[in-house]
Amino acid sequence: MQDTIGLGLINGSTIRAGDVRVMMAAEGVAPTAADKLRMGGVNYAIERAEPFAPAGVAVYFDVILRA
């Protein structure tokens, strides 16, 4: 699932204007900065991937992508 990033989260250092936020199912190996994702014909680098794990088990990863 793709989402927009709220302006309050864009601070010019970690998250930049133009970054894309996606939520990825937690299946298999966790995404890392070494991984790439192709979406809509654009190659993205993973800038940040944080697990959402309310009971200690990852349900999905909140991922920030940069072209």
Side-chain angles (χ1 to χ4, degrees):
M1 181 173 99
Q2 183 176 346
D3 192 12
T4 58
I5 300 172
L7 290 177
L9 297 175
I10 300 172
N11 66 9
S13 59
T14 304
I15 299 174
R16 298 180 187 166
D19 285 355
V20 176
R21 179 182 185 192
V22 296
M23 294 173 199
M24 299 176 72
E27 298 176 356
V29 180
T32 69
D35 297 322
K36 306 291 182 210
L37 181 66
R38 185 170 178 88
M39 202 168 57
V42 178
N43 291 321
Y44 291 94
I46 295 177
E47 292 297 316
R48 186 185 79 192
E50 295 181 6
F52 176 75
V57 177
V59 177
Y60 67 85
F61 290 93
D62 186 12
V63 182
I64 302 296
L65 305 170
R66 185 167 297 151

Subject >> Approximate separation, where rounding is to 0.5 Å, of Leu65 CG and Met39 CE >> reply: 5.5 Å
Original post:
With Ala30, which residues qualify under side-chain contact (heavy atoms from CB on, under 4.5 Å), at least two apart?
Top reply: Phe61
**OP:** Carefully, step by step, assess Asn43 and Lys36 under the rule side chain to side chain contact (heavy atoms under 4.5 Å, CB included).
**Re:** CA-CA 7 Å; Asn43 291 321; Lys36 306 291 182 210; 5.9 Å; no
Subject >> Any pair counted as side-chain hydrogen bond (donor to acceptor under 3.5 Å, both in side chains), so long as it reaches residues 52-61, sequence neighbours left out >> reply: none
**OP:** Report yes if some heavy atom in the side chain of Asp62 is under 4.5 Å from a heavy atom in the side chain of Arg48; otherwise report no.
**Re:** yes
Subject >> Closest non-hydrogen atom pair, Ala58 against Ala26 >> reply: O-CB, 3.4 Å
**OP:** Using the test side-chain contact (heavy atoms from CB on, under 4.5 Å), find all partners of Val42 that sit at least two apart in sequence or belong to another chain.
**Re:** Tyr44, Ala67
Original post:
At what distance, to the nearest 0.5 angstrom, does CD1 of Ile46 lie from CG of Asp35?
Top reply: 4.5 Å
